Protein chains: 2
Amino acid sequence: MTSYIDKINLYIKSLDNDTLIGLQSIASIKTYKKGELLLRQNEVCTKSYLIISGTARKYYLNDGKEITTELFFENDLAVSFDSYTLQQPSREFIEALTAISVSVTKYQTFEDAKKKYPKLITLDLMLAEYYAMWVEKRLFEFHTMTATQRYLHILNKSPHIIQTISLTIIASYLGVSLETLSRIRAKI
Amino acid sequence: MTSYIDKINLYIKSLDNDTLIGLQSIASIKTYKKGELLLRQNEVCTKSYLIISGTARKYYLNDGKEITTELFFENDLAVSFDSYTLQQPSREFIEALTAISVSVTKYQTFEDAKKKYPKLITLDLMLAEYYAMWVEKRLFEFHTMTATQRYLHILNKSPHIIQTISLTIIASYLGVSLETLSRIRAKI
DNA sequence: TTCATTATTTGACCTAAGTCAAATTTCTTG
DNA sequence: CAAGAAATTTGACTTAGGTCAAATAATGAA
């Protein structure tokens with residue numbers, strides 16, 4: 001499934017110049033400071049953010065507790081998927097975890113660009129497919145692995161997460177309490 | 001989000017005759033008996049199945065136990081998403097829970113049709129978006145609701161599930177043991 | 001109908017992970 | 001550097017839900 005990213009990148013590279021320039025022309029660079037919110041709960045996610053540098057996360061509040069649903073690193077595309085797709089209020093926040101630089105594209109501008117450059121529809125399709133598979137995998141991992149296994153899995157597959165991100169956030173991303181994560185780490 | 005199905009149906013209705021006929025011409029009707037498998041683990045999901053009548057489910061085995069990941073009713077599109085998208089072996093099975101009638105379309109034939117009728121790419125995109133949002137919602141429910149809440153939720157939103165499907169399958173769909181589901185029901 | 005098979009419920013006990021509270025450790029910032 | 005704040009760990013206890021086993025109930029084929 002990781003190789004699907006390669007396929008997407010290949011597809012982007014294969015685009016004609018016209019489409020590529022069209023795609024670039026609708027994006028603009030922005031920076032956010034650590035702690036800044038790119039999207040707030042109840043706001044409509046009207047923009048997508050391609051992370052150029054730094055890290056960010058997506059989270060929501062469940063009776064006062066933050067549940068991190070996704071972590072974003074270089075080259076990741078940060079959006080609240082359903083809010084973006086339906087252009088309806090988001091239940092999620094998007095927050096810069098470090099100072100970040102992003103390439104911002106407005107929803108409506110991208111929709112218009114798809115009409116002008118139909119090859120972008122296929123790109124959009126590939127991105128949606130990738131996200132669907134990613135969420136499916138996450139659900140699968142929650143069903144089949146214990147908290148310890150999920151931690152070890154992340155430690156293996158994405159050591160950069162453990163190194164750069166606070167345990168509070170990692171715990172909420174793993175779906176365990178901070179204390180449980182601490183005990184898992186002590187045990188290993 | 002349910003309304004997204006309406007949006008998809010509206011889009012289908014808005015298609016030009018040529019595209020519509022193209023779409024129909026690549027599908028064929030098939031029937032399966034109760035208990036028959038439309039897809040087995042380790043097979044590549046090379047077909048999509050639009051349920052015309054009857055019910056089906058998608059599941060995988062986790063150390064000997066069946067975990068139901070999706071239930072299919074009339075008008076649902078049954079595929080193992082990642083296997084279909086990547087054309088790689090599936091970890092999931094698709095099984096007819098009753099006698100069913102389905103409209104079958106081959107992956108490759110649909111891919112070819114997308115080239116000939118580009119509006120089908122947008123349809124494919126909408127279906128992928130819908131599935132991504134559906135999985136996201138499911139993950140969200142697992143994180144924020146107790147087993148009892150999930151049961152009540154299904155009872156509310158999809159009473160037909162409770163009426164037609166065995167508790168063993170419902171339990172595995174809710175992510176609880178059969179015994180726990182039985183106790184939840186006794187309590188209510 | 002009846003017997004057997006399958007589905008569901010109930011009981012007793014166990015376990016992973018949560019909660020609340022307090023103790024440490026690690027960062028920050030004046 | 002020191003003091004306060006934030007992050008992490010540790011302890012004691014609780015709980016939702018799991019497991020294994022046995023008891024009922026429901027279904028279906030002869």
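Quantities reported herein were computed from a predicted structural model and do not represent experimental measurements. Computed over heavy atoms, backbone and side chain alike; hydrogens, waters and symmetry mates excluded.
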Starting at [atom1] of [X] and ending at [atom2] of [N], how long is that distance when rounded to a whole Å?
X: B:L97; N: C:dA7; atom1: CG; atom2: P; value: 12 Å
X: A:D63; N: C:dT19; atom1: CG; atom2: C1'; value: 13 Å
X: B:I165; N: C:dA7; atom1: CD1; atom2: P; value: 14 Å
X: B:F142; N: D:dA16; atom1: CZ; atom2: C1'; value: 15 Å
X: B:I170; N: C:dA7; atom1: CD1; atom2: P; value: 13 Å
X: B:L178; N: C:dG11; atom1: CG; atom2: P; value: 16 Å
X: B:K65; N: D:dG18; atom1: NZ; atom2: P; value: 9 Å
X: B:R183; N: D:dG17; atom1: CZ; atom2: C1'; value: 9 Å

- Item | Within 45° cone of B:Y173 ring axis and under 6.0 Å: B:R138 NZ or CZ | yes
- Item | Cation-pi check, B:R91 onto B:Y59 ring (under 6.0 Å, within 45° of axis) |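 Relative to the ring axis of B:Y59, which defines the angle, B:R91 lies outside at least one limit.
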- Could you tell me whether the side chains of A:E136 and B:Y131 share a donor-acceptor contact shorter than 3.5 Å? yes
Measure from the side chain of [X], starting at C-beta and using heavy atoms only, and say which of [options] lies closest.
X: B:A186; options: C:dT10, D:dT10, D:dG17; value: C:dT10
X: B:T180; options: C:dG18, C:dT10, D:dG18; value: D:dG18
X: A:L167; options: C:dT19, D:dT9, C:dT10; value: D:dT9
X: B:S177; options: C:dT8, C:dT19, D:dG18; value: D:dG18
X: B:V176; options: D:dT10, D:dG18, C:dT10; value: D:dG18

- Query: Are B:T168 and C:dT8 close enough that a side-chain N or O sits under 4.0 Å from OP1 or OP2?
  - Reply: yes
- Between C:dT9 and B:R185, is there an OP1 or OP2 to side-chain N/O distance shorter than 4.0 Å? yes
- Task: Starting from the C-alpha separation in whole Å, work towards a yes-or-no answer on ring-ring contact (aromatic ring centres under 6.0 Å, His included) for A:F140 and B:Y60.
- Result: CA-CA 10 Å; A:F140 181 78; B:Y60 63 83; 4.8 Å; yes
- Quick one: sort the B:F142 and A:H143 rings into parallel, tilted or perpendicular, breaks at 30° and 60°. perpendicular
- Task: Give one of base, sugar-phosphate or nothing for B:L181, where a contact means two heavy atoms less than 4.0 Å apart.
- Result: nothing
- Which is true for B:K187 with a 4.0 Å heavy-atom rule: it touches a base, it touches only sugar-phosphate, or it touches nothing?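 No contact.
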- Query: Starting at the 5' end of DNA chain C and moving along, which residue's nearest nucleotide shows up first, A:T146 or A:E179?
  - Reply: A:T146
